[in-house]
Amino acid sequence: MSFTVAIVGRPNVGKSTLFNRLVGKKLALVDDTPGVTRDRRPGDARLMGLTFTIIDTAGLEEADAESLQGRMRAQTEAAIDEADLSLFVVDAKSGLTPVDTDLAEMLRRRGKPVVLVANKSEARGSDSGFYDAYTLGLGEPTPISAEHGQGMLDLRDAIVAAIGEDRAYPAKEDVAVTDVDIPQTEGEDSDEDEEPTYDETKPLRVAIVGRPNAGKSTLINRFLGEDRLLTGPEAGITRDSISVEWDWRGRTIKMFDTAGMRRKARVIEKLEKLSVADALRAIRFAETVVIVFDATIPFEKQDLQIVDLVLREGRAAVLAFNKWDMIEDRQAVLADLREKTDRLLPQARGIRAVPISGQTGWGLDKLMQSIIDTDKVWNKRISTARLNRWLETQQVQHPPPAVSGRRIKLKYMTQVKARPPAFMISCTRSDALPESYTRYLINGLRADFDMPSVPIRIHFRSPDNPFEGKKRRT
């Protein structure tokens, strides 16, 4: 991206709506309630030939620095300092307020380019608010409608004029072709059944989920080494699923901070429903999911439901027992947590559980190593030859049951996909095979192929009977 743009303004002027319009997706939560956005959210924007990084920010308000609104303001000011250009959004429909005047003065003191945007200009009676915007002293306002997409061409021209054509349209560099991969042609030797090696350099997507106030945002801030995400003693601060990138031992990690997930019966407000839905999308998008437990009150019913949800989605899961610095008798508590993990989460046998402290940073390297190890298992592939030798051994040790006097035969096994590992077994009378035998095979795969903590799926298929449906000759 050539430059960075921050969207700023007082609450409820349409900043997140404009952000969604520029990135082309409904990434940021939008609601009529003021103050929906709290953290700063980056995105890749495209505007009629322009490509740049856009940052959605919280509404700027005058508040005490220690309050939630004060901490939100600090996040917004950090986004302004990070950006090359600010889009100062005002509400042309409701007109200017003293807060708008204070924000205009703050932006002038920063000394960076500012584009004044008069949103909701399509509304009846918005002309007076549009002309009032001239009094802010930030130049000619650009009338737009973020909700309906009007005025985007004028906004593009205003951004180019403010940032300069050289930065808006950087010259493309010639790319020299050095190495060319030559595809393998027919007739050359190839081992189709070779088990691929794990790519240690591929970027990894990790979602952090858990109940409200479990310490998810604090954990990510500790990983980054800065106060990137809004934190505090209040429960439910995070609303949007915010993604951040950083490097761990040379590998790019993209982490998603999510809103706290309460029991469904307690989620009544529309805004919280939107936040939980955003968290669920982050789980589906991620590869590995870290479920953060509060070590002082672990294994609440909601904790178990979140783990079950992650496994049903097919994600690789790691448990993180946070706030370990508040535990006194650590050995006894650790033994108790291990016992409860095995007893209360039988569907996640062998799941990796790591005690950590997001506040002090204790145990974070071990947590990251557990994430990498779990992702390796999640991507694991096993050759067909090894699987069929293993299947034959399993049937000798524990043959499939006989149903109605006829023995079920397991003929052939292969892995059809990874992420998570899924297998197909060709057998007779697949509909009659009991669930207990499926669990026996899954447990055997976990033990014999070292595949703990990830969901394993087995599908059974019976060959088609060519004589089915045909009449018998008499």
Side-chain angles (χ1 to χ4, degrees), residues 1-10 13-28 37 40-57 60 75-92 96 100 103-122 126-127 129-177 243-245:
M1 297 299 172
S2 54
F3 57 96
T4 303
V5 176
I7 304 177
V8 298
R10 60 182 171 85
V13 295
K15 298 184 298 299
S16 295
T17 304
L18 177 59
F19 174 85
N20 289 341
R21 173 70 59 182
L22 293 176
V23 299
K25 301 175 184 177
K26 292 184 179 180
L27 294 181
T37 303
R40 61 186 195 266
R41 172 196 279 275
D44 297 333
R46 294 182 179 274
L47 181 60
M48 298 181 179
L50 281 184
T51 56
F52 52 94
T53 299
I54 192 77
I55 304 177
D56 188 23
T57 65
L60 282 165
Q75 288 284 325
T76 301
E77 291 179 353
I80 295 172
D81 293 335
E82 177 186 344
D84 304 302
L85 169 72
S86 295
L87 296 183
F88 181 25
V89 183
V90 298
D91 189 337
L96 297 184
D100 291 318
L103 298 183
E105 181 61 30
M106 184 195 74
L107 290 171
R108 268 195 298 270
R109 288 198 303 267
R110 287 295 196 280
K112 291 188 174 183
V114 178
V115 172
L116 182 59
V117 180
N119 192 25
K120 307 181 186 180
S121 293
E122 85 289 358
S126 62
D127 289 344
F130 170 75
Y131 290 115
D132 284 346
Y134 279 95
T135 63
L136 295 174
L138 294 175
E140 182 179 355
T142 303
I144 70 164
S145 171
E147 185 174 0
H148 300 97
Q150 298 175 5
M152 293 296 110
L153 180 60
D154 293 336
L155 179 61
R156 190 275 310 267
D157 294 341
I159 292 176
V160 172
I163 200 72
E165 290 195 8
D166 293 340
R167 297 197 64 182
Y169 301 104
K172 296 182 178 179
E173 298 179 0
D174 295 332
V175 180
V177 179
S243 64
V244 295
E245 287 190 7

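Everything quoted here is computed from the prediction, not taken from an experiment.
Residues Glu140 and Leu116 fail the side-chain proximity criterion, which asks for heavy atoms closer than 4.5 Å. Between Ile80 and Val8, some side-chain heavy-atom pair lies under the 4.5 Å cut-off. The shortest side-chain heavy-atom distance between Asn119 and Val13 does not fall under the 4.5 Å cut-off. At a threshold of 4.5 Å between non-hydrogen side-chain atoms, the residues Ile144 and Leu18 count as touching. For the pair Leu85/Phe52, no side-chain contact is recorded, criterion being any heavy-atom separation below 4.5 Å from C-beta on. Put simply, the side chain of Leu50 reaches to within 4.5 Å of the side chain of Tyr169, judged on heavy atoms.
Remark: the backbone N or O of Ile163 is not paired with any side-chain donor or acceptor of Asp84 at under 3.5 angstrom. Side-chain atoms of Arg156 never come within 3.5 Å of backbone atoms of Leu47 as a donor-acceptor pair (strictly under, hydrogens ignored). Between the Asp154 side chain and the Thr142 main chain, no donor and acceptor come within less than 3.5 Å of each other. Within the 3.5 Å criterion, the main-chain N or O of Asp81 finds a donor-acceptor partner in the side chain of Lys112.
Using a cut-off of 4.0 Å between Lys/Arg side-chain N and Asp/Glu carboxylate O, Lys15 and Asp56 are scored as not salt-bridged.
Judged as a salt bridge (Lys or Arg N to Asp or Glu O under 4.0 Å), and not counting sequence neighbours, the contacts of Lys120 are Asp91.
Across all non-hydrogen atoms, the minimal contact from Ser121 to Ala118 is OG-O, 2.7 Å.
Note: Tyr131 and Tyr134 have parallel aromatic rings, judged against thresholds of 30 and 60 degrees for the angle between ring planes.
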Please lay out, stage by stage, how Val5 and Leu22 fare under the test side chain to side chain contact (heavy atoms under 4.5 Å, CB included). CA-CA 11 Å; Val5 176; Leu22 293 176; over 6 Å; no

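The 12-atom threshold is exceeded at CD of Gln75, counting heavy atoms of other residues, nucleotides or ligands nearer than 6.0 Å.
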